[in-house]
Amino acid sequence: MKPLLLIFCLTNFAFAQTELETLELENSNLKAELKQFKTENVFLRNVFDLNQPEYEITQENISYKITSIKGNKEQSKIKISLLIESIDENKRLAMTDFECIDLEGIIYKINLNNSDDVYPKLTKNVPIKFNFTIDTLGNQPIFMKLLKIRNSIQPESNLFLEKRGNIYFRDLRVSW
């Protein structure tokens with residue numbers, strides 16, 4: 001009986017040893033997979049950060065901040081409110097061209113009749129609220145992929161110095 005028990009214990013020990021080796025192999029494979037998933041997760045987080053909406057931009061020491069984007073279904077219009085603030089000195093700003101592009105690639109233009117003055121005078125560290133309206137022609141886009149504003153900036157101290165540029169706001173959500 002004792003030799004039979006000894007043989008039984010030795011075979012169990014041998015099987016346990018092979019089970020331990022397979023479990024260690026599985027564990028190392030799972031660790032390698034986990035490491036791969038972590039690197040993919042970091043990559044996907046970086047991609048997600050690229051598609052974050054840009055609601056605030058500073059360019060030529062002027063801060064542009066979108067405060068609201070509201071759609072009106074009955075009038076088929078989108079109203080965008082923007083805060084503009086000069087950081088370093090008094091300036092004159094001329095916003096000459098507005099384009100809004102939705103996810104389908106449709107380009108919308110600003111309605112100047114329902115918008116504020118596009119030639120504001122900026123005082124240092126004083127924000128100015130600017131509202132403009134976009135006619136959507138019956139469409140109700142949920143996202144605006146790009147809002148482009150072409151502008152020129154002149155310091156009031158020297159009106160001969162003019163800087164031209166574009167402001168780009170990306171991936172903006174419209175609340176209807």
Side-chain angles (χ1 to χ4, degrees), residues 37-176:
F37 284 138
K38 283 184 179 179
T39 57
E40 288 177 6
N41 191 7
V42 168
F43 172 75
L44 291 175
R45 282 186 182 179
N46 291 338
V47 168
F48 182 71
D49 286 342
L50 289 177
N51 289 327
Q52 287 292 321
E54 296 177 10
Y55 290 109
E56 187 169 358
I57 295 174
T58 302
Q59 182 182 16
E60 298 293 334
N61 289 324
I62 296 178
S63 171
Y64 303 89
K65 183 177 181 181
I66 292 181
T67 56
S68 70
I69 305 170
K70 295 182 181 176
N72 187 337
K73 290 182 181 180
E74 290 114 24
Q75 296 178 353
S76 185
K77 294 181 181 186
I78 297 174
K79 180 181 177 185
I80 300 176
S81 297
L82 185 68
L83 278 179
I84 305 170
E85 180 180 0
S86 177
I87 298 170
D88 59 349
E89 63 181 326
N90 297 345
K91 297 180 181 179
R92 290 185 183 182
L93 177 66
M95 295 180 282
T96 56
D97 192 21
F98 294 80
E99 283 186 355
C100 216
I101 302 172
D102 67 2
L103 290 176
E104 296 175 0
I106 300 171
I107 299 173
Y108 303 101
K109 294 286 186 178
I110 184 175
N111 183 346
L112 291 173
N113 295 330
N114 294 335
S115 300
D116 292 342
D117 184 21
V118 293
Y119 303 104
K121 290 184 180 180
L122 303 177
T123 306
K124 180 181 176 182
N125 295 327
V126 178
I128 294 177
K129 186 173 184 178
F130 177 74
N131 295 315
F132 60 95
T133 306
I134 297 171
D135 293 327
T136 59
L137 306 172
N139 295 331
Q140 294 177 1
I142 297 172
F143 285 99
M144 289 296 182
K145 190 63 181 166
L146 177 69
L147 170 63
K148 176 182 169 185
I149 303 172
R150 192 169 296 152
N151 64 5
S152 65
I153 304 163
Q154 296 174 318
E156 282 192 351
S157 60
N158 186 356
L159 295 178
F160 294 108
L161 293 176
E162 181 177 10
K163 294 182 181 178
R164 295 175 185 253
N166 295 321
I167 305 160
Y168 298 102
F169 293 99
R170 300 182 188 279
D171 301 317
L172 304 173
R173 182 168 176 77
V174 180
S175 60
W176 288 93

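Just so it is clear, the structure is predicted and the values come from calculations on it, not from any experiment.
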How long is the span from the [atom1] atom in [X] to the [atom2] atom in [Y], to the nearest 0.5 Å?
X	Y	atom1	atom2	result
Arg92	Ile153	CZ	CD1	14.0 Å
Ile149	Ile84	CD1	CD1	7.0 Å
Ile87	Ile62	CD1	CD1	8.5 Å
Phe169	Ile80	CZ	CD1	9.0 Å
Tyr64	Ile167	OH	CD1	3.5 Å
Thr136	Lys77	OG1	NZ	9.5 Å

Does a side-chain N-to-carboxylate-O contact under 4.0 Å join [X] and [Y]?
X	Y	answer
Glu89	Lys91	no
Glu99	Lys109	yes
Lys145	Asp102	no

For a quick test of reading the model, state the closest non-hydrogen atom pair linking [X] to [Y] and the distance between them.
X	Y	value
Asn166	Arg150	OD1-CG, 3.2 Å
Tyr168	Leu146	CD2-CD1, 3.6 Å
Leu161	Pro155	O-CD, 3.1 Å
Asn139	Trp176	O-CH2, 4.0 Å

Parallel, tilted or perpendicular: rings of Phe98 and Phe132 (30°, 60°):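 Judged by the thresholds at 30° and 60°, the geometry between Phe132 and Phe98 is tilted.
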
Contact list for residues 120-132, test side-chain hydrogen bond (donor to acceptor under 3.5 Å, both in side chains), sequence neighbours left out: Ser81-Asn131

For the residue pair [X] and [Y], establish whether any side-chain heavy-atom pair is separated by less than 4.5 Å.
X	Y	value
Leu93	Phe130	no
Cys100	Leu172	no
Tyr55	Arg173	yes

For atom [atom1] of [X], decide whether the heavy atoms of other residues, nucleotides or ligands shown that lie under 6.0 angstrom number more than 12.
X	atom1	value
Lys148	NZ	yes
Leu83	CG	yes
Glu40	CD	yes

Side-chain ([X]) to main-chain ([Y]) donor-acceptor, under 3.5 angstrom:
X	Y	answer
Ser86	Leu122	no
Ser175	Ile69	yes
Ser115	Thr133	yes

Among Glu60, Gln154, Gln59, side-chain hydrogen bond (donor to acceptor under 3.5 Å, both in side chains) partner for Lys163: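 Result: among Glu60, Gln154, Gln59, Glu60 is the only option passing the side-chain hydrogen bond (donor to acceptor under 3.5 Å, both in side chains) with Lys163.
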
